[in-house]
Amino acid sequence: MALKIFETCVNCWACEPLCPSTAIYEARPHFLIDAKKCTECEGDYSDPQCASICPIEGAILGSLGEAMNPPGSLTGIPPEKMAQAMAELQAH
Ligand code: SF4
Ligand code: SF4
């Protein structure tokens, strides 16, 4: 079981120093998680440290491909409101 970093990662470096398994590494075009090393923080922390610090919704995925920080979870903006705002911006 391992988490994954998705392409929306902005290479902010926040997660890399927190990983107890040194599973996170700098790569191109974005940071990656070594699936062989990631323990999902089990035995070290009660929740995955990378996902808990990552500021980008959807940048870290769980072992089933689900967003650890789903849309709206960090901004507090409901996804439908965000979609509406983006549509209005694009219309102008
Ligand atoms: S879940 Fe934990 S062990 Fe896995 S990459 Fe994130 S910080 Fe490292
Ligand atoms: S904290 Fe998130 S955005 Fe920052 S480097 Fe890690 S995965 Fe990428």
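Counting convention: from 1, in listed order, for ligands and their atoms alike.
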Can you confirm whether [X] sits close enough to [Y] that some side-chain heavy atom of one is under 4.5 Å from a side-chain heavy atom of the other?
X     : Y     : result
Cys50 : Cys19 : no
Met68 : Pro48 : yes
Ile24 : Leu18 : no
Lys4  : Ile33 : no

Considering non-hydrogen atoms of the protein only, which is the closest contact for [atom], and what is the distance?
atom                    : result
atom 1 (S) of ligand 1  : Glu40 CA, 3.5 Å
atom 6 (Fe) of ligand 1 : Cys50 SG, 2.3 Å
atom 8 (Fe) of ligand 1 : Cys19 SG, 2.3 Å
atom 4 (Fe) of ligand 1 : Cys38 SG, 2.3 Å
atom 2 (Fe) of ligand 1 : Cys41 SG, 2.3 Å

**Request:** Please work out whether any backbone atom (N, CA, C, O) or any side-chain heavy atom from C-beta onward of Thr39 is under 4.0 Å from ligand 1, and answer side chain, backbone, both or neither.
**Result:**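 For Thr39, the contact with ligand 1 is made by both the backbone and the side chain.
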
**Message:** Using a 4.0 Å heavy-atom cut-off, which part of Ile24 comes near ligand 1: side chain, backbone, both, or neither?
**Reply:**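 Ile24 to ligand 1: side-chain contact only, backbone stays beyond 4.0 Å.
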
**Asked** Is Phe6 linked to Met1 within one hydrophobic cluster, defined over Ile, Leu, Val, Met, Phe, Trp and Tyr using a side-chain heavy-atom separation of less than 4.5 Å?
**Response**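 No, separate clusters.
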
**Message:** So if I count the atoms of ligand 1 from 1 in the order they appear, which ones are less than 4.0 Å from some heavy atom of Ser21?
**Reply:**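 Taking each heavy atom of Ser21 in turn, ligand 1 has 3 (S) under 4.0 Å.
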
**Sub-4.0 Å atoms of ligand 1 with respect to non-hydrogen atoms of Pro48** =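 By the 4.0 Å cutoff, the relevant atoms are 1 (S).
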
Show me the donor-acceptor pairs within less than 3.5 Å that the side chains of residues 59-67 make with the rest of the protein, sequence neighbours left out.
from  : atom 1 : to    : atom 2 : distance (Å)
Glu66 : OE1    : Leu64 : N      : 3.0

**Message:** I need the full list of side chain to side chain donor-acceptor pair (under 3.5 Å) pairs touching residues 68-87, with sequence neighbours left out, sorted by first then second residue.
**Reply:**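 As it turns out, the side chain to side chain donor-acceptor pair (under 3.5 Å) pairs with a partner in residues 68-87, which skip direct neighbours, are Glu57-Thr75.
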
**Prompt:** When rounded to the nearest 0.5 angstrom, what is the spacing between CG in Leu3 and SG in Cys41?
**Reply:**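 With rounding to 0.5 Å, CG (Leu3) is 8.0 Å from SG (Cys41).
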
**Prompt:** If you leave out waters, which protein N, O or S atoms are less than 2.8 Å from atom 8 (Fe) of ligand 2?
**Reply:**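 Sorted hits: Cys9 SG.
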
**Prompt:** Nearest heavy-atom pair of Ala27 and Leu32: which atoms, and what distance?
**Reply:**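 Smallest heavy-atom distance, with atoms named: CB-CD1, 3.7 Å.
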
**Request:** State which residues pass side chain to side chain contact (heavy atoms under 4.5 Å, CB included) with Thr39; sequence neighbours excluded, sorted by chain then number.
**Result:**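 Thr39: side chain to side chain contact (heavy atoms under 4.5 Å, CB included) contacts with Ser21.
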
